[in-house]
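Numbers restart at 1 for each chain; the letters A, B, ... are given by sequence-line order, proteins then strands.
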Amino acid sequence: MQYQNIKGTKDVLPSESYQWQYLEKFIADFFDKNNYQEIRTPAFEMTELFAHGVGSDTDVVSKEMYTFLDKGNTSLTLKPELTAPVIRSYIQNRLDQISTIVKVYYIDALFRQERPQKGRQRQFHQFGFEIIGSPHPEADAEVIQTMYELYTQLGIRDLNIRLNSIGSRESRKNYLAILKSELMPFLNDFCPTCQQRFQTNILRLFDCKAESCQQILANHAPSILDHLSEDDRIHFDEVKHLLDLTDVPYSIDNRLVRGLDYYTRTTFEITSSLLGSQDAVCGGGRYDHLVEDLGGKPTPAVGVASGMERLLLILNQIGGIPESQKPFLFIVSLGEQARRRGFVLAADLRKKGIACETDFLRRSMKAQMREADKKAAKWVVIIGDNEIEKNIVFLKDMTAGNQTPFTMETATEEIYQYINR
RNA sequence: GUGGGUGUAGCUCAGUUUGGUAGAGCGGCAGGUUGUGGCCCUGUUGGCCGCGGGUUCAACUCCCGUCACUCACCCCA
């Protein structure tokens, strides 16, 4: 039986793990500098949390969740998104009592049972952050500006920020009624899925990529931006104004609808042409009712999540990940006595913080030298019978090619000095 | 769930049209005189040609099925 990884999952091999380490460290440092603190929640939650928080009519909840019963017959689900768990934790742990505004970030693995394709896996990873407690546009703008700044610092250009407001629940309700009556005459002209969405979640008609559906919408659908309440409009205008003031480029897209039910007012998405068909590198928005929907006090909030795999896809194309090449030392030894000397020398050098390896295959000198070269050793220490006899070791500089002798007894200290000089 | 593409050595692929039990490059290993890497040269290692069935004297090659990978739809990060 040849075992293989589960469809839609991936091994991160030694040859690429440094990329993840680089990115994770970059993100942690970035948020540390911006005064966001990390929050970590469990890999699974009660199924009910997502059904209730994200919305049972959404695709994510209705057909993509990894749900199972535990031995106590409780329905649990591997988390398919992170906002609901974070808010659950916020409520449960009374984080509102620690400060009025809570700013947290996370880096985590998520699970959705979809058909894998470029930029989409069944286990994938996101980082994201939330500002909980502010109803004001400053929070919306900071989320967008901060994410844009993070991408910029990573060296990513040519991003497209799409911005929209889907209004408060009240104005959206009014808008949906108008939308419905305007589109009713054309109901039969829509594709079958859209006809169904017309009943369940009419806003998502805008997500349809069918030419015919988009045509009808372009000609007959009223824009949500024309039906915002006065307060919604003021809020949205201020978000745009603050983005203008901080030189964050964006474009208004009144067809941008998010697939999760909890969003209100500001929604946005950042896309990159360097990705495949799944071109969103992050998406987010305001969710003013999720906290109370999950049983907390009414608390407005806004947040965003970004796909790590998609980010790495971009970074690899623009060469945005620095090669990690730590200098290290390889010890070549010939014969039993030399091997032991080499082993001890390696242990002593490691204690001083020098990355150090010895040969494990007792091979010829040539083979050991090849090994050292292939691994890009910066220095090689050579110990053989001749050196034992003369009580020395040779240190070879692999780039320059020259060798320097050191007395055996003081070799550790002298080599340490020599390569740190 | 639906559609397209692809499955041949560790990796990247040729060979399939015109059926005769497999090749290259890279990699791994070992050598090119007696203890010194990179470049070059030589040798060597390595594949039931995704799996199962059918046609045939004979199948990597033709037919059917199946699985896997991949891209796209749907939806999302």
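- Across all strands shown, A:G284 has no heavy atoms under 4.0 Å from either base or sugar-phosphate atoms.
- When the P atom is used for both B:U16 and B:C60, the distance is 14 Å, rounded to whole Å.
- In this structure, A:K7 reaches the B:C69 phosphate: one of its side-chain N or O atoms is under 4.0 Å from OP1 or OP2.
- Judged by Watson-Crick or G-U wobble contacts below 3.5 Å, the nucleotide B:G28 has B:U44 as its partner.
- Applying the side chain to side chain donor-acceptor pair (under 3.5 Å) test between A:K103 and each of A:Q37, A:E130, A:E142 identifies A:E142 as the sole match.
- Put simply, the side chain of A:Q368 and the base of B:U36 share no donor and acceptor less than 3.5 Å apart.
- A:I224 is listed as a side-chain neighbour of A:N164, based on a closest heavy-atom distance under 4.5 Å.
- Between B:G28, B:A68, B:G35, one nucleotide has an atom nearer to the side chain of A:Q4 than all others, and that is B:A68.
- Checking A:K374 against A:D59, the closest nucleotide of RNA chain B that is more toward the 5' end is the one next to A:K374.
- When rounded to the nearest whole Å, the span between CZ of A:R122 and P of B:U70 equals 11 Å.
- Within the 4.0 angstrom heavy-atom criterion, only backbone atoms of the sugar-phosphate kind lie near A:L260; the bases stay farther away.
- Annotation: B:U36 and B:G50 have their C1' atoms spaced 46 Å apart (nearest Å).
- Taking the six-membered ring for Trp and thresholds of 30 and 60 degrees, A:F31 and A:F129 have ring planes inclined between 30 and 60 degrees apart.
- Distances shown here put every side-chain N or O of A:Q278 at or beyond 4.0 Å from the OP1 or OP2 atom of B:C71.
- Across all strands, A:G119 comes closer than 4.0 Å to base atoms (heavy-atom distances).
- Taking the six-membered ring for Trp and thresholds of 30 and 60 degrees, A:Y175 and A:H227 have ring planes inclined between 30 and 60 degrees apart.
- For the pair A:T299 and A:E292, the minimum side-chain heavy-atom distance is 4.5 Å or more.
- Looking at the side chain of A:R115, the nearest of the listed nucleotides B:G37, B:C29, B:A72 is B:A72.
- Base pairing of B:C74 is not made with any nucleotide, judged by Watson-Crick or G-U wobble geometry with both donor-acceptor distances under 3.5 Å.
- The separation of B:C13 from B:U2, taken at their P atoms, amounts to 28 Å, rounded to a whole angstrom.
- In this structure, the side chains of A:L23 and A:F127 stay at 4.5 Å or more apart for every pair of heavy atoms.
- Below 30°, between 30° and 60°, or above 60°: for A:F26 and A:F30 the angle between ring planes is below 30°, a parallel geometry.
- Rounded to a whole angstrom, the distance from the C1' atom of B:U8 to that of B:A14 is 10 Å.
- The separation between A:K118 atom NZ and B:C69 atom P is 17 Å, rounded to whole Å.
- Remark: P of B:A68 and CG of A:N5 are 12 Å apart, rounded to the nearest angstrom.
- Under the Watson-Crick and G-U wobble criteria, each requiring two contacts below 3.5 Å, nucleotide B:U66 is paired to B:G50.
- Distance from the side chain of A:M369 is smallest to B:G37 among B:G37, B:G35, B:A77.
- For the P atoms, the distance linking B:G10 with B:C57 amounts to 35 Å, nearest Å.
- Among the atoms of the strands shown, base atoms are found under 4.0 Å from some heavy atom of A:K366.
- For A:K63, no side-chain nitrogen or oxygen approaches OP1 or OP2 of B:C74 to under 4.0 Å.
- At B:A30, none of the side-chain N or O atoms of A:S364 fall inside 4.0 Å of OP1 or OP2 (strictly under the cut-off).
- Nucleic acid contact class of A:E64 (heavy atoms, under 4.0 Å, all strands): sugar-phosphate only.
- When the P atom is compared between B:U61 and B:A22, the two are found 13 Å apart, to the nearest whole Å.
- The nucleotide B:C39 finds no pairing partner, because no Watson-Crick or G-U wobble arrangement with both distances shorter than 3.5 Å includes it.
- Here B:A77 presents its P atom at 13 Å from CZ of A:F127, a figure rounded to the nearest Å.
- Nucleic acid contact class of A:A372 (heavy atoms, under 4.0 Å, all strands): none.
- Taking atom CD of residue A:Q121 and atom C1' of nucleotide B:U70, one finds them 13 Å apart after rounding to whole Å.
- The neighbour count for A:R40 CZ, taken as heavy atoms of other residues, nucleotides or ligands under 6.0 Å away, does not exceed 12.
- Listed pair A:Q117 / B:U70 fails the phosphate criterion, with no side-chain N or O lying under 4.0 Å from OP1 or OP2.
- Spacing between atom CG of A:L275 and atom P of B:A77 amounts to 14 Å, rounded to whole angstrom units.
- Atom P of nucleotide B:U36 and atom CG of A:N386 are separated by 11 Å, given to the nearest angstrom.
- Taking the C1' atom of each, B:C51 and B:U42 are spaced 39 Å apart, rounded to whole Å.
- Toward the 5' end of RNA chain B, the nearer of the two residues A:G307 and A:E371, judged by each one's closest nucleotide, is A:E371.
- Between B:G47 and B:G7, the distance separating the two C1' atoms is 14 Å to the nearest Å.
- A:Q113 comes within contact range of no nucleotide atom at all, as no heavy-atom separation falls under 4.0 Å.
- In this structure, of B:A30, B:A77, B:G37, it is B:A30 that holds the atom nearest to the side chain of A:R363.
- Rounding to whole angstrom units, CG of residue A:L361 and P of B:C29 are separated by 8 Å.
- Taking 4.0 angstrom as the limit, A:R370 places a side-chain polar atom (N or O) nearer than this to OP1 or OP2 of B:G38.
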